[in-house]
Every structure is written in structure tokens, then in C-alpha cells.
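Reading through the C-alpha cells given below for one structure.
Computed from a predicted structure; not experimentally measured.
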Amino acid sequence: MTGTGLHGDVRTAEEVLAASRARVQPALRDAVDTLPASTRHVAGYHFGWWDRHGRPADGSAGKAIRPALVLLAARATRTGADEAEPAVAAAAAVELVHNSSLLHDDVIDDDRTRRHRPTAWSVFGIGDAIMTGDALLVLAAELLSGCDPSTRPRALRTLGDAVQRLLDGQCADMALEARPDPDLAACTDMALGKTGALMGCACALGCLVAGGEPEQAWRFRRAGERLGLAFQHVDDLLGIWGDPAVTGKPVHSDLRNRKKSLPVVYALTSGTAAGRELAELFGRDGQPAPGELARAAELVETAGGRAWSHAQAGDLLTAARRELRSASPLPAAEAELTALARLIVRRDH
């Protein structure tokens, strides 16, 4: 442990994530085990629990950032609440929604690699991957339906609202890719829905199932939304400059797909010579050559996209911490939430 807080030991961000994975994985496995064999097989492969033939595997199931936010928000609302069954169920529900979106995103984006292995759709087919993503959404609602009757309606509405905003963000993302004239404000709004909504939901749900008041849950949600947008900025930077050994995707993967991510849209709308050259590269037909990918990355940086996303992530972290403090969290949990937020924003450092 790194120190002690007013209400107990304060863990590092890495310790928080490890503890969250250990706490939530059994609930996820139990939930997935209730699926029919067809979707259960695809889901287990996607989570890294077994290979394409159903044999046990040691693949990564992800960083578990969103479940950690649920558990920490519960702990911040009431001491010990992160260990209670409702908080674990809510954390598993949020992780199921997140992985549903990943299964669908991989199909939409034609991504063939995730977490250092072939994506589910590339192994089992597009139809099976989409059906499995849908099944995980249903499981998430089923898990929350077991909440205390006094919090169940608000918890289900909170999750449902986040899913609707996530889907709206995904639709906006697809529309943005087709636009010849991307808009930076629209791109930011899209990211707030696609990524910020579920992180905001994670924080709000943790507070609600721990007995928090609606106003306090709203503050937690706003903190999570800002953290989610910061997360997307960093994710977009990693999609261009990230180490494949860390990201599990090829270098320049977003540029290869001509993805109009936040730093790319900033560059395209910068009014600079680099931005205009980047637009010309993005407008070419056919697969870009490796040299063109490297040049595109250089142009995004020259046009200011890389520095802008770095700065935005830092500003959003500050805003998230301000919202968190306004929610009056318990001190030890606030320290852990702050440590996790910093880790999220500094993944590319």
C-alpha cells in the first residue's frame, strides 16, 4: 500500500485495477455462463477465457477501468460499499455493456485485432459477433434487475440512458467518417456520448447502489463523463502513436482505417498546410502505403493535433477532479479515484 487515508488504506491505481478484476471476474463468468452455448462460446473467446475451440486460454479480458470506477464510487459514497454484492453486480453490468460495444465496434471498424488476438467477428463471423454483443446488453440489464427495489428503477434508467447515448455516439461516429468536412465540436460531442456516457454511468451507478442521493450521483456522473472524454483523447493518441505491444493493435491503426479521431479532426480543421495535405491523403482511394501512414502521423502532429489532445486530456482531468470533490466523497476513495484518473490520462506517457 502507498499510504493510509482517513477511512483506510489508499491503494495505487494498479492495485485498484487488480482488485477490481479479481472482484468482478467471477460475476462476469457467472453471467456469461447463463448464455446459450452459441453466444457463450463467442463471449468467452472475446473475454480471453478460452480459445476459438473452447479450450482454456490466458488472454486479457481488458483493464477493467469501468468496473473499477463503479466500485470506487460505491466506496467513496459509503465505506465498505465496494465489497457489497450490489456494487459488484453493477460493476459487472457496466463491463458487459462496454464489451458489447467492443464486439460491435470491431465489426463496424473492420478491426481484426483486439487485445493481441483476432477479433471475435474475424473468428466466428459478423453475425455471431453482433448477436453476442446484443446478448451481453441483455445480461447487463438482468444483473441490475437484482438491485435493491429502492434503487433498481433509477439504476436501470441510468444504465439505459448511458446505452442510448453510447449508441447515439456510435451513430454519430459513423456519420462523421462519411463527412468530407468534419466538425471538431461534433466530433467532441460524439466522443462524449460514445465513451464519456458509460464512464459517467459507472460512477453514478456506484454511488446509487451504495445508497447515495440523486444529486451526489449526478456529480459523480459528471466527473466520469469528463474522465471518459479525457480517456478518448488518450485512446485516439494511442491509435496513432501507441506501441502495438501495449495497445494490441498495429501501429498507425486508426490512420490505416482513415478514422477521424479527435487529434485527426483537429488537424483537418486547423487551416494549416499540414492539415490540407492530411485531407488530401485521407481522400485517396485504396489502402495507404506504410510510408503514407507515417507521413499522415507526422502531419497530424505538425498541424497541432497531438499537442491539442494532450492538453485537452489534462484539462478534462482537472475538471473531473473538480466535479469529484463536489460530490463529497470519502477521502481514501477520493485519493484512489484521483490516482486511477491520472493513470487513465497518462497511458500514452
Side-chain angles (χ1 to χ4, degrees), residues 16-17 20-21 23-25 27-29 31-32 35 39 42-49 59-74 87-109 111 114-115 119-121 129-144 155-156 158-170 173 190-206 209 220-221 224-225 227-232 234-236 238-239 247-249 340-341 343-344 347:
V16 166
L17 289 173
S20 297
R21 284 192 294 269
R23 197 85 180 90
V24 175
Q25 278 294 314
L28 281 174
R29 283 181 174 266
V32 169
L35 292 173
T39 50
V42 179
Y45 171 85
H46 170 77
F47 278 112
W49 301 335
S60 169
K63 297 176 285 293
I65 288 172
R66 292 157 189 83
L69 289 173
V70 176
L71 299 181
L72 283 177
V88 175
V94 168
E95 187 69 351
L96 287 169
V97 170
H98 172 55
N99 280 277
S100 169
S101 73
L102 296 183
L103 283 161
H104 291 164
D105 280 356
D106 286 341
V107 172
I108 292 168
D109 296 339
D111 281 339
R114 180 173 292 280
R115 299 167 183 163
T119 49
W121 77 264
I130 292 174
M131 293 301 103
T132 301
D134 293 346
L136 295 188
L137 280 180
V138 175
L139 276 185
E142 288 179 356
L143 284 178
L144 275 191
L156 285 169
T158 298
L159 185 69
D161 176 69
V163 171
Q164 294 288 7
R165 291 177 61 200
L166 187 158
L167 295 174
D168 186 53
Q170 180 64 69
D173 191 18
M190 173 274 294
L192 188 58
K194 188 175 177 183
T195 306
L198 192 57
M199 285 201 177
C201 169
C203 294
L205 275 181
V209 300
F220 272 111
R221 191 188 80 179
E225 287 174 345
L227 185 58
L229 186 52
F231 179 98
Q232 189 60 60
V234 177
D235 222 43
D236 288 349
L238 291 171
T247 65
K249 293 186 176 184
L340 181 58
L343 178 68
I344 289 171
R347 287 174 297 147

Partner of N99 under side chain to side chain contact (heavy atoms under 4.5 Å, CB included), chosen from V97, L96, L102: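 Single pass found, and it is L102.
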Closest heavy-atom contact between [X] and [Y]?
| X | Y | value |
| --- | --- | --- |
| F47 | R115 | CA-NH1, 4.3 Å |
| L103 | A129 | CB-O, 4.0 Å |
| V70 | A87 | CG1-O, 3.7 Å |
| C203 | F220 | CB-O, 3.3 Å |
| R221 | C201 | CG-N, 4.3 Å |
| L35 | A43 | CD1-CB, 4.2 Å |

Nearest-0.5 Å distance, [atom1] of residue [X] to [atom2] of residue [Y]:
| X | Y | atom1 | atom2 | value |
| --- | --- | --- | --- | --- |
| H98 | L136 | NE2 | CG | 11.5 Å |
| D161 | L166 | CG | CG | 11.0 Å |
| L17 | K63 | CG | NZ | 9.5 Å |
| L139 | L144 | CG | CG | 11.5 Å |
| E95 | L28 | CD | CG | 6.0 Å |
| L198 | L205 | CG | CG | 9.0 Å |

Side-chain donor-acceptor contact under 3.5 Å, D168 with Q164: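 Absent: no donor and acceptor within the cut-off.
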Check: I130 main-chain N/O paired with H104 side-chain donor or acceptor under 3.5 Å: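 Yes; judged by distance alone, with no hydrogens or angles, the pair exists.
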Donor-acceptor under 3.5 Å (T119 side chain, D111 main chain):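 Yes, the answer is positive, given that a donor and an acceptor are paired below the 3.5 Å cut-off.
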Stepwise side chain to side chain contact (heavy atoms under 4.5 Å, CB included) check, V16 with L72: CA-CA 9 Å; V16 166; L72 283 177; 3.7 Å; yes
Salt bridge (Lys or Arg N to Asp or Glu O under 4.0 Å), paired with R114, selected from D105, D106, D109: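 The option that passes is D106.
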